[in-house]
Colleague: 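Okay, handing you the structure first.
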Amino acid sequence: MANVTVIGAQWGDEGKGKIVDWLASRADAVVRFQGGHNAGHTLVVDGNVYKLSLLPSGIVTGTLSIIGNGVVLDPWHLKSEIEKLEGQGVSITDDNFAIADNCPLILPIHRDLDGLRETAAGSGKIGTTGRGIGPAYEDKVGRRAIRVCDLAHLDSLEPQLDRLCAHHDALRAGFDQPPVDREALLAELREIAPFVLQFAQPVWKRLKKVRKAGARILFEGAQGVLLDIDHGTYPFVTSSNTVSGTAASGSGLGPNSTGFVLGIVKAYTTRVGSGPFPTELSDEVGQRLGERGHEFGTVTGRQRRCGWFDAVLVRQSCAISGVTGIALTKVDVLDGLDKVKICTGYRLRGKIMDYFPSHAADQAEVEPIYEEMDGWSESTAGARSWADLPANAIKYIQRVQELIETPVALVSTSPEREDTILVRDPFVD
Ligand code: IMP
């Protein structure tokens, strides 16, 4: 079973990009299964820089790349991302790229609603990426979405459009906005339809064939488990299931096909947007982590909040997602600190907790219990074997592994592909 599912085990931005690129270069197919263009990563191939937010990572190197049904697809963004890559010499055809024909669309009305709600929420806002992700998933679950396959039947779309617009008109009225301009929306859909349809197909069928041929499939998760709509820090979450199980439901393959679950874990913690964050640091250590770790959002450019490693959260994420092994990233950001801390439990109103509670008020109130360890003054950047690491960095990694009850499969020590300590190859399970 040589397939790999990659997921983020924190609040996203764990450094999935480098690991996914390395795995994608060895995969025969790469599949996105949730989220949309709220994700973002930068690929460097042969010195050329490519920015992806919707397309799977295999696209740049010509590996079969698939957008599964679990994704929400903004067709106009898709077009501009493809055109940009084509301008950089990347070839994208129906041979190396496919979109699930049952994938729901993100429409301009979803982006509108995302923005209107965030503005109205003021300081209570979620801090979304503003891309219409939440409203598009709402329409999917509400059974009124326009899907990719509908683009081939625009002449009979009227009843569906009526249902969708009736819902949105009521919501828009609440924000003093005019009703949806249906004619304009239909005209935009007519214009974009041929572009999207050239790639549309039942991808579950294509994946079945790929799997039968014994190909290696990489399932590329976006965001992180703590942003999962069920298991995350609700309501400060994204609107999809970001856990590993979604690789199956969001692609159309069974759970016995998703293989090794690789959880990407950063050696400290960050989050972008609002919501609870027990180990957040607002002192100079937090600032240092942000500066050394270049903690700015790839999609929105926002500064990320930074804090110590929270072993309680990651242990929970690994359990919920059935993580087989983790890739620990950005250890080098901790270089040069006298002391490093790991959160090993919480105190909530005098009670000790070994898990993160579900209720928002409890989540906001838990106080971290720390274990302090000696730091290391030597650089870990670029290490490629355990022997290259200072003893205290090894102790730190081993302690992380122990506390999260999940083995380390690899340690990444710089953005360069080769700067990796490989303990267990996820594709050779
Ligand atoms: P949405 O996905 O745009 O609805 O945003 C909901 C929450 O998820 C916000 O806190 C965002 O900052 C966060 N989020 C969405 N995508 C990402 C990502 O790729 N990395 C990190 N945070 C993300």
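Both counts, for ligands and for their atoms, begin at 1 and track the order of listing.
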Colleague: Sorted by first residue and then second, give each salt bridge (charged side-chain N to carboxylate O under 4.0 Å, His left out) pair with at least one member in residues 267-290; sequence neighbours left out.
Modeller: Glu280-Arg305
Colleague: Considering only heavy atoms from C-beta outward, does the side chain of Ile99 approach that of Val196 to under 4.5 Å?
Modeller: yes
Colleague: Just checking, is any N or O donor in the side chain of Gln10 or Ser317 under 3.5 Å from an acceptor N or O on the other one?
Modeller: no
Colleague: Looking at His359, Arg349, Arg347, which one forms a side chain to side chain donor-acceptor pair (under 3.5 Å) with Glu365?
Modeller: Arg349
Colleague: Can you pull the residues with any heavy atom under 4.0 Å from ligand 1?
Modeller: Trp11, Asp13, Asn38, Ala39, Ile126, Gly127, Thr128, Thr129, Gln223, Leu227, Val237, Thr238, Val272, Gly273, Arg302
Colleague: Glu402: which residues meet the salt bridge (Lys or Arg N to Asp or Glu O under 4.0 Å) condition with it, sequence neighbours left out?
Modeller: Arg399
Colleague: Under the side-chain contact (heavy atoms from CB on, under 4.5 Å) test, which residues partner Val20, sequence neighbours left out?
Modeller: Val6, Lys16, Ser57, Leu218, Glu220
